A.B. asks: 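One structure is given below, represented as structure tokens, and several questions about it will come after.
Note that the numbering runs from 1 along the sequence shown for the chain. For ligands, and for the atoms within them, numbers begin at 1 and follow the listed sequence. Owing to the predicted nature of the structure, the values given are computational and were not obtained by experimental measurement.
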Amino acid sequence: MRRPQFISEVLNLASAHSGSAPDNSIWSGFYKRTVSERQKILAQARGLDEKDVALLNKDGPLPLATAETITENVVGTFALPFSVAPNFLVNGKEYVVPMVIEEPSVVAAASNAAKLAREKGGFKTEYSGSIMTGQIQLVKLQDAGAAVAKLNADKAALMTEADTHFANLKAFGGGVVGMQARKLASPRGQMVVVEFDVNVADAMGANMVNSAMERLAPTVEKKTGGTARLRILTNLAIKRIASASAVWSKESLGGEEAVEAILDAWAFAMADPFRRATHHKGIMNGIDAVGVATGNDWRAIEAGAHSYAAMKDASIITYSKNADGDLEGKIVLPLAVGVVGGSMKANPCAVLGQKILGAKSSGELAQVMAAVGLAQNLAALKALAGEGIQAGHMRLHARHVAKTAGVSDAELERAVEFMISSRQVNEAGAKAALHKLRSK
Ligand code: MEV
């Protein structure tokens, strides 16, 4: 591998910052460097060549200069496939759903399940409202019970004060809507948590809730004589619940036995936490992909969904067979997502994702995401309980391998057929397919 031409510049940069620091000192002050300086340091440390650095410098829809303003230590941007899943009919409205995900079959599966749901009217959804809950942890209390009583007695005053930290939300109908204090028995003894429920309107709300908790902590300390430790929202947003339901006719699923097979697959997830983990992973394949495409915090979404499932000790989806023998499915989960705020507007891809979806509020976005999660699960269970999921995966993989091996678009379908039927979904299979097709 060629060494970077700018090696001496790198060494100069590193030595200018090494001082008496240990060997890893090239990283000291890394965050203060320009993007190009960081790239040089990284290239030196990890043996990147000029082609690697050129890739880091390649501007995509998210300009490097913008990426630099979104997070720390940026050296480049990272692209993922940006797909759309059509066919989503939610509460009678058509949606084209943007999805960003690297895994094959996910987008096709969601879109297909949504298409099958249309026969019975598509998805019906609900949303509980955009209530996020912020927590303040109190320790070093003389009497935890008395502190809880005091906080609850002063609830009205505390809520009024808390509300002053959400003045920007007033115009959107938001603000503080509740407060509760609870005693907790912890491995470090008794502590108290005081929680503020806030209607964050169309934002995800993390920043504003966290800021308010930090500002409120001194008041809560003064009232109780305790010490505030953590001041942060909970991702288990049980007051921000989205649900979606749909009916799939038995004919669309392949008959009565196919309905029974899907019900058995679902019952397995209800009964066994090991199966449930994978069942939920599949649901989140769809929901996260929409989260990424719309610039939302998919780790927060994941945390909410999995902790909700753990709290219920059940799947977040239920299925049943109706009087006609058709399959009814319903998903219920916390979905803390926004259409404004965060770094959403900074990322042109997220702006485009929001535009494609066209959800006007965080509730609308959450409800479509819930529908996507249900569609994703139905498709996964249908495939798993039927032919398995590998056939679809292998077909996509074969396309990728064939193209890399030089198969033209015109030859692609026949090459893929050959690779799958000869059980050679690899480079050798692609070459054999090429040979066969071209020698004819
Ligand atoms: C793979 O990413 C997702 C599935 O494993 C989900 C499931 O098992 O339900 C297919």
Side-chain angles (χ1 to χ4, degrees), residues 80-85 87-88 97-117 123 243-246 248 252-254 257-293 296 298-299 301-310 312-321 327-333 335 369-400 420 425:
L80 283 170
F82 191 156
S83 308
V84 291
N87 297 325
F88 274 86
V97 180
M99 297 178 83
V100 171
I101 186 163
E102 85 297 345
E103 185 173 327
S105 305
V106 168
V107 177
S111 176
N112 189 252
K115 192 171 173 184
L116 299 181
F123 299 88
S243 65
S245 54
W248 284 271
S252 73
L253 297 174
E257 189 49 28
V259 172
E260 296 298 327
I262 292 170
L263 287 168
D264 286 340
W266 162 74
F268 183 12
M270 290 296 278
D272 179 43
F274 296 93
R275 168 58 203 152
R276 202 182 304 145
T278 321
H279 171 89
H280 284 139
K281 191 274 181 184
I283 296 169
M284 302 316 287
N285 274 343
I287 293 180
D288 286 351
V290 185
V292 179
N296 275 285
W298 72 95
R299 288 85 54 210
I301 300 170
E302 282 274 334
H306 292 293
S307 52
Y308 189 67
K312 299 264 176 198
D313 193 19
S315 164
I316 59 174
I317 290 184
T318 46
Y319 288 107
S320 59
K321 195 166 57 168
L327 187 74
E328 293 191 359
K330 180 167 188 182
I331 185 171
V332 181
L333 80 164
L335 267 169
M369 287 168 100
V372 173
L374 179 58
Q376 205 70 57
N377 182 251
L378 183 279
L381 297 192
K382 181 170 174 283
L384 287 165
E387 66 168 1
I389 57 164
Q390 285 311 100
H393 273 288
M394 287 325 268
R395 181 159 286 276
L396 267 172
H397 185 55
R399 290 174 78 87
H400 173 71
I420 288 176
V425 182

A.B. asks: Could you list all the salt bridge (charged side-chain N to carboxylate O under 4.0 Å, His left out) pairs where at least one residue sits in residues 274-293, not counting sequence neighbours?
C.D. replies: E103-K281, R276-D313
A.B. asks: So Y319 and W266, would you call those rings parallel, tilted or perpendicular, with 30° and 60° as cut-offs?
C.D. replies: perpendicular
A.B. asks: Does the side chain of I331 reach to within under 4.5 Å of the side chain of I283, using non-hydrogen atoms?
C.D. replies: yes
A.B. asks: Identify the two heavy atoms, one from L396 and one from P104, that lie closest to each other, and give their separation to 0.1 Å.
C.D. replies: CD1-CB, 3.1 Å
A.B. asks: If I compare all heavy atoms of A258 with all of L253, which pair ends up nearest, and what's the gap?
C.D. replies: CB-O, 3.1 Å
A.B. asks: Taking non-hydrogen atoms within less than 4.0 Å of ligand 1, which protein residues qualify?
C.D. replies: E103, R275, T278, H279, K281, G282, N285, A380, L384, I389
A.B. asks: If we only count heavy atoms from C-beta on, is the H279 to L381 side-chain gap below 4.5 Å?
C.D. replies: yes
